[in-house]
Undergrad: 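Pasting in a structure now, in structure tokens, and then I'll have a few things to ask.
Each chain gets a letter, A, B and so on, in the order the sequences are listed, and its residues count up from 1. Predicted model only: the values in this text are computed from it and were never measured.
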Amino acid sequence: MEKHGYDVTYLGIGCDGKINLEELEAAITDKTGLISVMFVNNEIGTRQPIEEIGKIAKKHGVLFHTDGVQALGNFRIDVKEMNIDMLSVSSHKIYGPKGVGALYIRKGLRISNYIHGGAQEMKRRAGTENLAGIVGFGKAAEVSMHNFDWHVKHCSELRNYLVEEILNKIPNTYLNAPLEDRLPGNANITFEFIEGEAMLLYLDSHGISVSTGSACSSASLVPSHVLTALGVPVEKIHGTLRLTVGDFTTKEDIDYTVKALIEVVDKLRKISSVSEQKGW
Amino acid sequence: MAMYNEKVMDHFMNPRNMGEIENPDGKGVYGSPVCGDMMQITIRVKDDVITDAKFKTFGCGSAIASSSIAAAMIIGKTIDEALALTNKQIIEELGGLPDVKIHCSVLADHAIKSSIYDYAQKTGKTYAGLEGFDPNADDDDHDVEGCHGEACGGECEKK
């Protein structure tokens, strides 16, 4: 947006991972055209106060867009009730095919055509539609609605068990952002005195895939901006992993992962030049 | 994981010379947890030959591999030979490192020189290879081949 000449105001987050509603409202001017806040953050899983943001946006006559990619299938979304004008979602997060998404646009709202050429998608986006993908997305949405309650319960329980096991069995670990108002399957944990990419590689050799907020794992060599905004000290961001569970995860998977983590963390702590005794 | 070659992965998964020498003749620490890479090298020296070297590293796969191989490379070398070691040679010995990881070899090189610097300070000896060397310099990294300051995102300068 900035590259196209728009002024963008960025909002910070508190240590609970949520934006401050007073700060949001105070930032609105008569020039404000759009508020865009993600429904759920993908790294720490925090659900933003969407209903309240929708109310504020409506009160000031500002359009409200939310990125609901992580929210779909995990939280109830009612675009009318929540005053959401535009909502982005993606198929792959609800076990649909990759490469297809959707943008809900409130009736009466028009967007400019941004890919020119053919008249597809009511002249809003040229290019032959990914028909197989769209059908798959539709089916995934149907299944997701049907499984909604089970999915939320299954993921929350396994995630809570994972977090509990890690925090109890591995010292000097902690959870980033609270469990309340959190994506059911998301856990984001800091392991002190060791580095994320190293953990990632060792876990990969055990057949376990995770992601990390460490600078060393990103092409830009910059640590996670989300964890930075949350107030996590940089050296601890380097030792942070995001672990997520899903519909196909079992308790045995969790036990296996925890066992592997204990081994990996122990090995890396022996290699590390920093420790609880030595300090940072 | 396709980023690292077999040799790097080997040194990472099975690090050699990992640990800490008790009452070392020289100890060098370089980098910081803020940057995401911190290496410690301890050495045992006899008659100006490095008879043993061990490393401990807080860092990623290439940081651990670089310090593991660097420690192996200096064992059996004279102090002068060890001082002549460059980060380029560390990379060559590893069979290559991804561009974004070159700074890890720079850190390993610096940590080794720091350990020898410490040894020189303790014994009062001087070595030509240490001339102009500053164990606390952050800037050194940014002038060395392959690392132009963007590697750490300038984190070390924000301290």
Undergrad: Taking atom CD of B:Glu131 as the centre, report whether more than 12 heavy atoms of other residues, nucleotides or ligands fall under 6.0 Å from it.
TA: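 12 or below, so no.
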Undergrad: Between B:Val34 and A:Trp280, is a side chain to side chain contact (heavy atoms under 4.5 Å, CB included) present by the stated rule, with each step listed?
TA: CA-CA 9 Å; B:Val34 169; A:Trp280 289 95; over 6 Å; no
Undergrad: How many angstroms lie between atom CD of A:Glu235 and atom SG of B:Cys35, to the nearest 0.5 angstrom?
TA: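 That separation rounds to 10.5 Å.
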Undergrad: Mind listing the closest non-hydrogen atom pair of A:Ser273 and B:Lys56 along with its distance?
TA: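 It is CB-O, 3.4 Å.
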Undergrad: Yes or no on side chain to side chain contact (heavy atoms under 4.5 Å, CB included) for A:Glu195 and B:Met38, after CA distance, side-chain angles and deciding distance?
TA: CA-CA 10 Å; A:Glu195 191 275 334; B:Met38 182 167 139; over 6 Å; no
Undergrad: Counting only heavy atoms not in A:Asn168 (residues, nucleotides, ligands), do more than 12 fall under 6.0 Å from its CG?
TA: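 More than 12 heavy atoms, drawn from other residues, nucleotides or ligands, come within 6.0 Å of this atom.
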Undergrad: Please report the closest heavy-atom contact between B:Phe58 and A:Val274, naming both atoms and the distance.
TA: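 Answer, listing the atom of B:Phe58 first, then A:Val274: CD1-CG2, 3.7 Å.
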Undergrad: Mind checking the CE-CG spacing from B:Met9 to A:Leu201? Nearest 0.5 Å is all I need.
TA: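 Answer rounded to 0.5 Å: 5.0 Å.
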Undergrad: Closer than 3.5 angstrom, by distance alone: can the side chain of A:Glu197 be matched with the main-chain N or O of B:Cys60 as a donor-acceptor pair?
TA: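 Flag not set: sc A:Glu197 to bb B:Cys60 has no pair under 3.5 Å.
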Undergrad: Quick one: do A:Lys270 and B:Glu20 make a salt bridge, cutoff under 4.0 Å?
TA: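 Between B:Glu20 and A:Lys270 there is no salt bridge, as every charged N stays at least 4.0 Å from the carboxylate O atoms.
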Undergrad: Does NZ in B:Lys125 sit with more than 12 non-hydrogen atoms of other residues, nucleotides or ligands closer than 6.0 Å?
TA: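 Atom NZ in B:Lys125 is crowded, with more than 12 foreign heavy atoms closer than 6.0 Å.
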Undergrad: What option among A:Ala198, A:Ser275, A:Ser272, A:Gly196 has the most heavy-atom pairs under 4.5 Å with chain B?
TA: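 Among the listed options, the one with the most contacts to chain B is A:Ser272.
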Undergrad: Given a strict heavy-atom distance threshold of 4.5 Å, which part of B:Met18 is in contact with chain A: side chain, backbone, both, or neither?
TA: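 It is the side chain, since no backbone atom gets that close.
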Undergrad: Rounded to the nearest 0.5 Å, how far apart are CD1 of A:Ile194 and OG1 of B:Thr57?
TA: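 Nearest 0.5 Å value for the CD1-OG1 distance: 13.5 Å.
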Undergrad: Chain B heavy atoms under 4.5 Å from A:Ile271: which part of the residue, side chain, backbone, both or neither?
TA: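 Both backbone and side chain.
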Undergrad: Taking the six-membered ring for Trp, are B:Phe12 and A:Tyr202 parallel (under 30°), tilted (30 to 60°) or perpendicular (over 60°)?
TA: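 Rings of B:Phe12 and A:Tyr202: tilted, 30 to 60°.
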Undergrad: For A:His225, is the NE2 atom crowded, meaning more than 12 foreign heavy atoms sit under 6.0 Å from it?
TA: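 No, the 6.0 Å shell around NE2 holds no more than 12 heavy atoms from other groups.
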Undergrad: Taking everything shown except A:Lys259 itself, do over 12 heavy atoms lie less than 6.0 Å from its NZ?
TA: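 Counting neighbours around NZ of A:Lys259, 12 or fewer heavy atoms of other residues, nucleotides or ligands fall under 6.0 Å, so no.
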